[in-house]
Enquirer: 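Here it is, the structure in full.
From a predicted model like this one, the values you see are computed outputs, not experimental measurements. In the text below, chain A, chain B and the rest are named by the order of the sequence lines, each starting its count at 1.
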Amino acid sequence: MAWRIEPRAERSRALDLAAPALAVAATIVIGSLVFSALGYDGLGAAREIFLSPLADPQRWPDLGVKSAPLVLIAVGLSFGFRANVWNIGAEGQYVVGAIAGTGVALAAYDMAGYWILPAMLVAGALGGAAYAAIPALLRTRFKVSEILSSLMLSYVALQLLYFLVRGPWRDPQGYNFPQTRTFTDWETLPAVVPGTVLHLGVPIAFLAAFLAWIVLRATVLGFEVRVVGLAPAAARYAGFEADRTAWRTMLAGGAFAGLAGILEAAGPFGQLTPQFPQGYGYVAIIVAFLGRLHPLGIALAGIVMAVSYVGGETAQTTVGLPGAAAGVFQALMLFCLLAVDMATRYRLRRVAPAPSAAGARP
Amino acid sequence: MNATIVVSIAMSIVAAATPLLLAALGELVAEKSGTLNLGVEGMMLLGAVSAAIVALTTGDLWLAAGAAALAGALGAGLFAVLTLSLTANQVATGLALTIFGQGVSSLVGKDFVGREVHRLPEVFPAALAEHPLARVLFGYDAFVYFSVAAALAVAWFLSRTRAGLVLRAVGEGDSSAHALGYRVIAVRYGASLFGGAMAGLAGAYFSLSLTPTWAVGLTAGRGWIALALVTFSGWRPGRLLFGAYLFGAMMIFELQAKAFGLTLVPPEALAMAPYLATIAALTIISAGRAGANLRAPACLGKPFRATA
Amino acid sequence: MGMKMDRRGFIGAAGAAAATAAIGGPARAAAPLKVGFVYTGPIGDGGYTFQHNLGRLALDKALGTAVKTSFVENVAEGPDAERVIRQLAQAGNELIFTTSFGFMDQTIKVAKAFPKVHFEHATGYKRAPNVATYNARFYQGRQVQGQIAAMLSKSGKAGYIASFPIPEVVMGINAFTVAARKVNPKFVTKVIWVNTWYDPAKEADAAKALMDQGCDVMCQHTDSVAPLQAAQTRGIVGFGQSSDMSKAAPKACLTSTVDSWGPYYIRRAKEQIAGAWKSADTWGGMAAGMVTLGAYGPGMTADAKAAADKIVAEIKAHKLPAMVGPIKDRTGVVKIAAGAKAEDKDLLGMNWYVEGVEG
């Protein structure tokens, strides 16, 4: 007798919905055991990291601000991921979007008007899309893997940012510190709830997730993306060209990332500094998978990720957990989700050892 | 006097290239089998911290190197279980592995920060390396010779052995390899674990030789350069060897030029050069009529599940 | 938000009661003073943040149960910092130290929302009634280093690994060079800008490049121990930065300039408890115990030790300003007239290099 893993005929809907919750539960169990073994208050750590930010209404605006860029970028990426287009350079598109929008802001520094902020946001989205066009062009024209080219371009974007904030865009009144001028009031996103950190970019991000959900459900583009990803051959019959889909999804991903970049620059940062890129473009990939490439799932996953960041900070002050612990919990969470995910797609079955099983997985 | 400087620069380049070469060789083998592990930086940090801890507690540098290889392989094992057995997405898992490695290394290393690790000794007796020109050849520790030997061994393995052929077949066409009776998943496990062990050794080179100590984030992003290097090389060990020394030379020349009082181009332009060069190389390889063996393995990053 | 204000109101009232009751009042005895710290790096960086955390531990030790400290490490400069600072304020910390220049605007912003909480921002220049600034005269350590370097160097050339050309780094390079040229008027400081605070391998490579160019004393304004270790490998000497780095490179380390924040943290916490806290700008040096020297290493000759001790004594007695004119910049223009000395505001805005600085 042997065990064999085989695909389920139908995906189990109940398990599909339960999987993320199960994964978080597994993370809490494994995490608390590991941290207890390391001599920390393991249970307290899990509680602080995953529950305390949700339980404290004072933290909610923080969760919104922290999750907004992750959600926006991840939703943009999910189009491509569904269509087998692996743009993993969102970090670069995020940075270039912020640079493009900041270019407008610096040019309009002495001006006033309601047009400035929308112009910045448009420039940001265009900048991100233009930067994503490079790997799209390389893929469709030269068959260059977009995984590798988009990743490399992220590092190029970082250096471009460093060059600008240390050189031509350095704040003339900034004592030589590598950073741009701070944006004027015309260039800064207003707060949606006065007196809190909740800026206009937060509703924009979540609205984008909602719209993306509509688009994926109800439009031809959504259908195209799903078909190209699931069955490339069938897609060709339907008249969907893989190249065209690659272009569209890359540009969409770049535009979302670029918009996230300028929203972050014009919102909480209010300027560009070398610390501006914080790896949101990479974390968003994890968020996209945590949310199972579904826009609403991504919105939820973004919040869960934000909870773990904010909770990681709380845990440092309340239970004395090291800052690095939050990262370990985040990684554990993804590992657990990926493992639990298995249960929704496959099942374990007892089979008699077959003579022809030579090449099959043990 | 001038010869001394040239020799010293050459040796600096070798030292800078060695961890890139080690990590990239491991990743090359993993990618050749069809797995894309973006967790190189995380595995390097696991290796670096393990080597430092073992070296500081036992004083045995070889045990430390072994621990580093083991730690890197464990990280890769985690990756392999998730992506190969559980068919999780490789990109997301690799990124999570990097976050994991950063977190774990900083947690377990916290009592060892800033303590001097006894540096790896040179392999050959000092007398042999006395003349400057002899020093360029005989003045290094074992990791340097090992990395070059490993490059040659990997080249031989991939092109001249049956196992290497199988590994490439698995990376180029998993379904056909499976149909031929090769154990696709097992091969990829082996390649991933080798990649992890090499990344661990690359990390150990930081904490045992380059900067013999432990501090959080010791490898400072070299894992990503190693990833670029694999692509730059067109997945060929020979070119990888050349590329590692080229990237190393670019890092060193920037600093040498500054020490000499020259700033020819903005430092940011130099820092982005390896990545731009990689994209250019990739485009030329993919667009040109270069041999298929310079292209990315066809199954790179794609999950495989036996259907039989 | 409403909830937050209520909470603050309550704590603020308790704070005011404590202030009027002065030390040892019943309110204070029941509740220790909560002090929060925001760190830019991990406490395991072995350098800048490590030292701030030692300062916090010194505060714990000195005031015992009268204080309860907590910290958040590895906080990115930007919105994350704002969130963490606010979180510490909401958690009832009455005194909050934000320990990096990049936290400046965030500190000011949060301070506006929490007028009863006292904030202390390190190395910045923006203040408010409830925001004080503090900094250490790191350049005083450079004055000692310059003297030692010029005495011990055979080539008359020091290598200096620098991060970013901000005033703090520039004044350090200048103070070092001016001190060295008092001993050896031909002394040269070769600078490599590595454009990072922390990249061990790159710092080590920069050190090697400088040694290749004949530098035989190594100086750094970056955080890792790598340059000192590179110096040790080549059998030359150098200085530790931020923390006492003699453990990482015992043979090479002549001495270290140690950031010693403990005395300041203790003083300010005591003032807070006594209700005597006031916003101020503190720029303390060796006299205040905020800059100290690490242990002397084996490379220090008796002469060098004596000279270093003498300079430390003069600095402590406020008899040795960083720079006294005439001082020319690299192009030969007199920047500080004969007999004049560089004022604090000159040092804090410094963006030019003295004669003898190369690179």
Side-chain angles (χ1 to χ4, degrees), chain B residues 1-2 4-9 11-13 15-16 18-20 48-49 102-103 105-117 119 205-207 209-222 248 251-263 266-268 270-271, chain C residues 41-47 49-50 73-74 157 159-162 188 190-215 223-230 232-234 240 242-253 357-359:
Chain B
M1 181 61 198
N2 264 339
T4 329
I5 292 185
V6 173
V7 165
S8 165
I9 292 175
M11 293 185 71
S12 298
I13 292 172
T18 296
L20 297 180
V49 74
Q102 287 167 342
S105 61
S106 121
L107 277 181
V108 300
K110 71 177 172 29
D111 296 331
F112 298 89
V113 168
R115 285 164 58 185
E116 187 194 23
V117 173
R119 205 161 178 278
Y205 195 62
F206 282 86
S207 55
S209 178
L210 277 182
T211 52
T213 184
W214 166 250
V216 174
L218 188 69
T219 54
R222 297 299 185 283
M251 295 176 187
I252 298 301
F253 281 138
E254 181 204 343
L255 298 168
Q256 288 287 349
K258 281 182 180 169
F260 204 71
L262 292 172
T263 311
E268 294 85 5
L270 275 173
Chain C
I43 56 171
D45 70 353
T49 293
F50 181 77
E73 63 178 328
N74 221 357
K157 273 195 264 187
Y160 204 112
I161 295 156
V188 166
K190 274 185 167 288
V191 182
I192 288 188
W193 298 97
V194 287
N195 289 317
T196 175
W197 288 105
Y198 181 81
D199 181 339
K202 188 172 186 183
E203 293 168 49
D205 286 338
K208 287 184 204 163
L210 289 165
M211 291 185 284
D212 289 343
Q213 293 293 328
C215 299
D223 282 347
S224 92
V225 297
L228 213 46
Q229 290 186 320
Q232 178 158 307
T233 309
R234 297 244 185 133
S242 288
S243 61
D244 189 335
M245 292 184 171
S246 55
K247 262 192 205 150
K251 287 191 216 99
C253 187
V357 178
E358 290 180 5

Enquirer: Tell me the closest heavy-atom pair linking C/A230 and C/M211, and the distance in Å.
Expert: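 Shortest heavy-atom separation between C/A230 and C/M211 comes out as O-CE, 3.5 Å.
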Enquirer: If I measure from the heavy atoms of chain C, does B/A271 come under 4.5 Å with its side chain, its backbone, both, or neither?
Expert: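 Looking at B/A271, nothing touches chain C.
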Enquirer: For the backbone of C/G47 and the side chain of C/S242, can you confirm whether one donor and one acceptor N or O come within less than 3.5 Å of each other?
Expert: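 Flag not set: sc C/S242 to bb C/G47 has no pair under 3.5 Å.
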Enquirer: Could you have a look at B/M251, B/R119, B/K110 and say which one has the most heavy-atom pairs with chain C under 4.5 angstrom?
Expert: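 Maximum pair count with chain C is reached by B/R119.
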Enquirer: Sub-3.5 Å donor-acceptor pair from the side chain of B/S8 to the main-chain atoms of B/T4, do we have one?
Expert: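 Not at all, since once roles are kept as given, no pair shorter than 3.5 Å links the two residues.
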Enquirer: Sort out for me which of B/G221, B/A259, B/A220 touches chain C most, counting heavy-atom pairs under 4.5 Å.
Expert: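 With the most close heavy-atom pairs to chain C, the winner is B/A259.
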Enquirer: According to ring pair (Phe, Tyr, Trp, His ring centres under 6.0 Å), who are the partners of B/F206, at least two apart in sequence or on a separate chain?
Expert: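 Ring pair (Phe, Tyr, Trp, His ring centres under 6.0 Å) list for B/F206, sorted by chain: empty.
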Enquirer: Do side-chain atoms of B/T213 reach the backbone of B/R115 as a donor and acceptor pair under 3.5 angstrom?
Expert: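 Yes, B/T213 side chain to B/R115 backbone: donor-acceptor pair under 3.5 Å.
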Enquirer: Taking only residues two or more places apart in sequence or in another chain, which ones pass salt bridge (Lys or Arg N to Asp or Glu O under 4.0 Å) with B/E116?
Expert: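 None.
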Enquirer: Between B/P212, B/G217, B/A16, which shows the greatest number of heavy-atom pairs under 4.5 Å with chain C?
Expert: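 The answer is B/P212.
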Enquirer: Quick one, B/M11 and B/I252 - any side-chain contact, counting heavy atoms below 4.5 Å?
Expert: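 When only atoms from C-beta onward are counted, B/I252 and B/M11 do not touch, as no gap falls below 4.5 Å.
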Enquirer: Can you tell me which portion of C/T233 sits under 4.5 Å from chain B's heavy atoms? Options are side chain, backbone, both or neither.
Expert: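 Just the side chain, heavy atoms under 4.5 Å.
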Enquirer: If you define the side chain from C-beta out and look only at heavy atoms, does anything of B/P19 sit under 4.5 Å from B/R222?
Expert: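 Heavy-atom side-chain distance check fails, nothing below 4.5 Å.
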Enquirer: Where on C/Q232 is there a heavy atom nearer than 4.5 Å to chain B: the side chain, the backbone, both, or neither?
Expert: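 Contact with chain B: side chain only.
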Enquirer: Is it the backbone or the side chain of B/L218 that comes under 4.5 Å from a heavy atom of chain C, or both, or neither?
Expert: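 B/L218 touches chain C through backbone and side-chain heavy atoms alike.
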Enquirer: Just to be sure I understand the criterion: a residue of residues 195-202 of chain C counts if one of its heavy atoms is under 4.5 Å from a heavy atom of chain B. Which ones qualify?
Expert: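 Under the 4.5 Å heavy-atom cut-off, C/N195, C/Y198, C/D199, C/P200, C/A201, C/K202 qualify.
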Enquirer: Would you confirm whether B/Q256, through its side chain, and B/I9, through its main-chain N or O, come within 3.5 Å as a donor-acceptor pair?
Expert: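 Not at all, since once roles are kept as given, no pair shorter than 3.5 Å links the two residues.
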Enquirer: Is chain C contacted by the side chain of B/F112, its backbone, both, or neither, given a heavy-atom distance below 4.5 Å?
Expert: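 Neither part.
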Enquirer: Name all residues meeting the side-chain contact (heavy atoms from CB on, under 4.5 Å) criterion together with B/L270; count only those two or more places apart in sequence or in a different chain, and write none if there are none.
Expert: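 Listed in chain order: B/E254, B/V265.
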Enquirer: C/K208, C/K190, C/E358, C/Q229: which one forms the most heavy-atom pairs within less than 4.5 Å of chain B?
Expert: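 If we count pairs closer than 4.5 Å to chain B, C/Q229 comes out on top.
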